[in-house]
Asker: 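Got a structure for you, questions after.
The shown structure was predicted, so the numbers you read here are calculated from the model rather than taken from an experiment. Start at 1 and go down the list; that is how both ligands and their atoms are numbered. Only this structure's heavy atoms are used, side chains among them; waters, hydrogens and symmetry mates stay out.
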Amino acid sequence: MNFLSRKARAILPYTAGEQLRDKVYTKLNTNENPYPPSPCVLRALAAVEGDDLRRYPRPDAGRLRAAIAAREGVGEENVFCGNGSDEVLALSFPAFFDGDGAGACFADITYSFYEVFAAFFGIPKKVVPLRSDFTLDLAAMRAADCQGYYIANPNAPTGIGIGRGEMEAFIASVPDRIVVADEAYMDFFGESLVPLTKKYGNLLVVRTFSKSYSLAGMRCGYAVGAPALIGGLFRMKDCFNSYPVDAVAEAVCIAALSDEAYHADTVARIVAERTRVRAELLKMGFTVPESKANFLFAGRAAKGGKEIYERLKEAGVLVRFWDKPVLRDFCRITVGSPAENEILIKQLHQILL
Ligand SMILES: *Cc1c(COP(=O)(O)O)cnc(C)c1O
């Protein structure tokens with residue numbers, strides 16, 4: 001007897017990057033931040049009291065939403081928080097897309113969770129290929145028949161960013177379709193669409209504490225948009241989990257937001273290293289699109305991505321590789337600390353000898 005539903009048997013789940021513990025790796029495979037979170041975060045953790053844990057947290061994450069609203073320059077009614085931005089993205093599918101609708105449109109090469117969520121919620125997908133230079137084909141997306149869009153900006157795993165002007169022109173051209181802008185890496189680019197959420201009722205911006213705030217282990221993400229869109233996310237959350245943001249996450253994320261100087265400093269360090277490491281990779285003969293994120297997408301015709309990935313792994317350096325057409329020439333390499341990046345560069349030189 002197989003007790004699994006047809007859906008559980010058929011669905012192809014998302015594969016997260018390896019979190020190996022068999023030895024100490026230079027871990028450049030899941031776009032984690034190489035720096036620890038702000039010291040304010042650790043102080044907030046130490047200040048958590050028994051009562052904070054004994055009681056249920058705020059079902060609407062009200063204090064955190066107020067802190068996010070203040071930072072983003074929007075109202076509390078424009079903010080929704082979830083257990084990681086993955087959860088916010090998940091809830092957005094049933095909130096804004098119909099199973100018998102025209103579907104959710106996204107690029108063929110982008111965050112692969114969109115495809116999993118569409119399948120899980122039974123929503124048709126409309127997949128638009130990237131252009132040959134890996135840029136997003138916004139004209140083709142506009143021409144697709146669909147109910148709305150998922151656009152990772154900067155895109156993963158390419159790191160390519162689209163400026164605010166081009167994004168605004170696109171959003172304005174599709175007023176009757178929702179545009180979900182996944183800004184997981186936006187702090188490394190600085191072209192957030194959050195200010196446009198006041199002007200466009202069809203724009204939902206999704207952001208996370210996992211990458212630029214060094215809080216991947218805390219699991220907290222949020223969406224900014226018009227109250228009608230935020231209300232849709234609340235309706236879905238309350239069908240699924242009343243308390244996605246726990247009391248510890250709320251306190252920790254508020255503390256992270258309070259230390260803007262630390263955040264800006266770590267982001268600047270990573271951006272500086274991104275430039276330096278890319279220049280090194282180019283010198284070694286890699287093709288590397290200009291990245292606006294905290295990772296580099298590096299390919300080299302002579303040795304495929306798989307060989308680079310495997311040889312680096314043997315040498316104790318983890319990067320991400322996908323055995324799929326187009327992607328298989330490339331590896332996605334997280335920008336680490338200067339010391340980690342040196343190890344990467346040294347090992348790559350040896351592999352390419
Ligand atoms: C990392 C990532 C997320 C999700 O991050 P959470 O840790 O769930 O907040 C969402 N979108 C993209 C494109 C990402 O790379």
Asker: Just jot down the ligand 1 atoms closer than 4.0 angstrom to any heavy atom of Arg219, in number order.
Answerer: 6 (P), 7 (O), 8 (O)
Asker: Please indicate whether any nitrogen or oxygen in Asp182 is less than 3.5 Å from any nitrogen or oxygen in ligand 1.
Answerer: yes
Asker: Closest non-hydrogen protein atom to atom 15 (O) of ligand 1, residue and atom name please, with distance?
Answerer: Tyr185 OH, 2.5 Å
Asker: Judging by distance only, is a nitrogen or oxygen of Asp86 under 3.5 angstrom from one on ligand 1?
Answerer: yes
Asker: Any luck finding a side-chain donor-acceptor pair between Thr208 and Lys211 under 3.5 Å?
Answerer: no
Asker: Using a strict 4.0 Å cut-off to heavy atoms of Ser210, name the atoms of ligand 1 that fall inside it.
Answerer: 6 (P), 7 (O), 9 (O)
Asker: Quick one: does Asp238's side chain have a donor or acceptor within less than 3.5 Å of a partner on Arg235's backbone?
Answerer: no
Asker: Checking Asn341 side chain against Val277 main chain: does a donor-acceptor pair fall under 3.5 Å?
Answerer: no
Asker: Is the NZ or CZ atom of Arg65 positioned over Tyr222's six-membered ring, under 6.0 angstrom from the centre and within 45° of the axis?
Answerer: no
Asker: Cation over ring, Arg332 on Phe297, under 6.0 Å and within 45°?
Answerer: no
Asker: Which residue and atom name correspond to the protein heavy atom nearest atom 5 (O) of ligand 1, and how close is it?
Answerer: Ser85 OG, 3.3 Å
Asker: Only heavy atoms of Lys211, strictly under 4.0 Å: list the atoms of ligand 1 that pass.
Answerer: 1 (C), 2 (C), 3 (C), 5 (O), 14 (C), 15 (O)
Asker: Quick one: does ligand 1 sit under 4.0 Å from the side chain of Phe113, the backbone, both or neither, non-hydrogen atoms only?
Answerer: neither
Asker: As a test of understanding, state which of Tyr150, Phe96, Phe80 forms a side-chain contact (heavy atoms from CB on, under 4.5 Å) with Leu204.
Answerer: Phe96
Asker: Quick one: which ligand 1 atoms are inside 4.0 Å of a heavy atom on Gly84?
Answerer: 8 (O), 9 (O)
Asker: Cation-pi between Lys7 and Phe120: NZ/CZ under 6.0 Å from ring centre and within 45° of the ring axis?
Answerer: yes
